[in-house]
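See below for the structure under consideration.
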Amino acid sequence: MNSTTVREGITDLEVPNPSSYTFQGQYAPFKAPVFYNPKMEFSRDLAVLALKAFAPTRESPLMVCDPLAGLGARGIRYAKEVPNVSRVMMGDLNSEALPVIRRNASLNGVEPLVEVFEKDANLLLTAHAEPGRRFDFIDLDPFGPPSPFIDSAVRALKNRGILAITATDTAPLCGVHAKACIRKYGAIPLHTDFCHEAGLRIMIATAVREALKYDLAAEALLSYSVDHYFRSYLKLTLGAKRADASASMLGYIASCAACGWRASYPFTAPLPTSCARCGGAVLRGGPMWLGPLSSGQFIEQLMSQGTESLNTAVRIRKMLATLLSENDLPPSYYVIDNICSRLKRDVPALEDVLDAVRSKGFASSPTHFHPKAIKTTAPISVIEDTVSSI
Ligand SMILES: C[S@@+](CC[C@H](N)C(=O)[O-])C[C@H]1O[C@@H](n2cnc3c(N)ncnc32)[C@H](O)[C@@H]1O
Ligand SMILES: [Zn+2]
């Protein structure tokens with residue numbers, strides 16, 4: 001591999017030289033012999049913070065698995081940047097990745113903490129499914145959907161461990177390719193103006209259902225949608241009663257494309273066939289996770305971590321603040337531009353809409369999902385009245 005070195009956090013990484021692997025004049029990660037995407041540094045920075053926040057809650061040093069490691073950007077960073085990590089097992093099917101991972105381990109002086117396997121991710125995880133061999137933290141960062149790897153990851157996770165999952169197949173999850181979503185996630189996507197949240201919730205529900213089989217309850221500690229991917233950190237805890245409580249947070253969202261009405265329904269409830277507001281046809285999306293997308297306490301723990309060494313610190317701080325502000329609000333968000341275009345109104349400033357909705361007694365917040373949308377407890381009729389009267 002024709003390589004160069006970059007620094008992420010306090011970790012130096014040998015990566016493909018961007019000028020050698022281009023398409024139409026730009027670095028193209030898929031052209032390189034070993035995969036590395038510089039645009040995912042934000043995701044890796046947040047992952048380091050998440051593991052740092054999680055580590056003090058564990059009794060013993062952490063066992064970590066990065067079974068789709070590429071050149072080891074995540075696993076090496078965990079070993080180097082998170083105190084209290086005792087071992088990081090990394091795997092990749094690409095034989096060219098392994099020497100690069102090893103060189104990256106030695107570049108950062110973490111060889112004693114790292115083990116590298118040329119192995120299918122499911123085989124590596126299954127080899128650690130027995131009690132005593134399991135991991136505290138597993139990071140599934142595949143090409144496309146994480147669903148093929150979730151069952152083996154759940155079985156390889158210790159009680160109260162964290163399963164972190166990425167999905168880059170946002171088109172299926174957002175309903176652009178509905179058949180692929182049904183195949184990969186066993187769920188009907190919603191191709192609506194809040195499709196990014198619906199897609200993230202479908203991804204989470206897929207992991208939750210895999211966990212429930214083993215009486216594992218799920219708590220979403222941190223979930224978000226940015227750029228071209230969805231990401232969630234799920235804490236899994238053993239216990240049938242708790243698992244029942246998690247199952248009760250699965251359900252559906254019914255959404256009317258004509259008037260913007262939407263409502264959530266538990267897994268077991270009958271679903272409407274027509275819109276409660278205008279009588280139009282409704283789209284049904286799910287099963288999806290209807291519980292909180294993040295834990296306010298976990299976000300605060302992330303915010304209390306030092307971010308001086310992180311190149312994406314400013315973006316991280318901004319997103320965490322928004323996630324905290326929107327976290328307690330109900331599923332779905334309203335894109336103000338779309339409502340105004342339906343009503344043939346000028347678009348007011350987002351802050352004015354938020355203030356006016358709040359003054360009517362409803363909670364509301366900007367959302368990280370969309371720069372021109374709000375999350376709120378107000379129904380669509382109140383939002384329409386509000387934008388019409390500003
Ligand atoms: C998205 S890349 C990982 C990027 C890496 N986590 C990072 O942050 O730089 C996915 C990796 O999974 C590897 N891969 C694909 N299918 C696999 C499988 N079944 N088992 C193990 N590795 C696999 C690919 O070779 C690729 O390196
Ligand atoms: Zn309607």
Side-chain angles (χ1 to χ4, degrees), residues 1 6 8-9 11 13-16 27-48 51 64-78 81 88-101 104 116-127 137-153 156 164-169 192-193 227-231 253-263 272-284 312 334 338-339 342 379-381 383-384:
M1 181 168 80
V6 295
E8 289 192 8
T11 304
L13 294 169
E14 177 189 332
V15 303
Y27 171 60
F30 285 98
K31 294 260 178 184
V34 180
F35 189 85
Y36 171 75
N37 186 353
K39 292 192 178 137
M40 293 297 269
E41 182 174 357
F42 177 75
S43 167
R44 289 185 285 269
D45 280 353
L46 258 175
V48 166
L51 196 55
V64 174
C65 186
D66 177 9
L68 301 142
L71 50 75
R74 285 169 189 274
I76 302 289
R77 289 193 61 184
Y78 297 145
E81 298 183 38
V88 181
M89 300 213 180
M90 283 180 269
D92 205 285
L93 266 187
N94 176 0
S95 58
E96 289 189 63
L98 304 202
V100 189
I101 300 176
N104 275 326
V116 185
F117 302 87
E118 184 182 337
K119 229 180 191 175
D120 174 78
N122 280 323
L123 292 178
L124 176 58
L125 290 164
T126 297
F137 184 92
I138 298 175
D139 192 333
L140 290 183
D141 187 43
F143 296 139
S147 36
F149 308 106
I150 296 176
D151 177 72
S152 34
I165 49 177
T166 312
T168 57
D169 56 337
T192 59
D193 55 0
D227 304 335
H228 64 290
Y229 66 94
F230 300 144
R231 175 88 167 162
I253 293 185
S255 164
C256 174
C259 78
W261 171 88
R262 72 282 310 258
T273 51
S274 58
C275 172
R277 187 165 175 242
C278 76
V282 289
L283 299 169
R284 172 180 56 124
T312 69
Y334 297 88
N338 295 353
I339 293 176
R342 213 169 38 237
I380 178 81
S381 53
I383 305 167
E384 284 186 356

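Just follow the structure's listing: the first ligand is 1, and inside any ligand the first atom is 1. We use all heavy atoms of the structure for the numbers below, so side chains are in, but hydrogens, waters and symmetry mates are not. Bear in mind that the values here come from a model prediction, so they are computed numbers and not experimental data.
Within the 4.5 Å cutoff, the side chain of F149 has heavy atoms near those of the P142 side chain. Using a 4.5 Å heavy-atom cutoff, the side chains of S43 and R74 are in contact. Using a 4.5 Å heavy-atom cutoff, the side chains of E96 and M1 are not in contact.
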query: Yes or no on side chain to side chain contact (heavy atoms under 4.5 Å, CB included) for L123 and L125, after CA distance, side-chain angles and deciding distance?
result: CA-CA 5 Å; L123 292 178; L125 290 164; over 6 Å; no

field: Derivation of the side chain to side chain contact (heavy atoms under 4.5 Å, CB included) call for D92 and D66
entry: CA-CA 9 Å; D92 205 285; D66 177 9; over 6 Å; no

query: Can you list the steps and then say if D141 with M40 is a side chain to side chain contact (heavy atoms under 4.5 Å, CB included)?
result: CA-CA 10 Å; D141 187 43; M40 293 297 269; 4.2 Å; yes

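The closest side-chain donor-acceptor pair between D193 and Y334, if any, does not fall under 3.5 angstrom.
Around the Zn ion (ligand 2), protein N, O or S atoms at a distance under 2.8 Å total 4; waters are neither shown nor counted.
The aromatic rings of F143 and F35 stand perpendicular to each other, their planes meeting at an angle above 60°, with 30° marking the opposite boundary.
No donor-acceptor pair under 3.5 Å is formed between the side chain of R262 and the backbone N or O of I253.
Protein residues with a heavy atom closer than 4.0 Å to ligand 1 are F35, R44, P67, L68, A69, G70, A73, R74, D92, L93, N94, K119, D120, A121, D141, P142, F143, F149, listed by chain and number.
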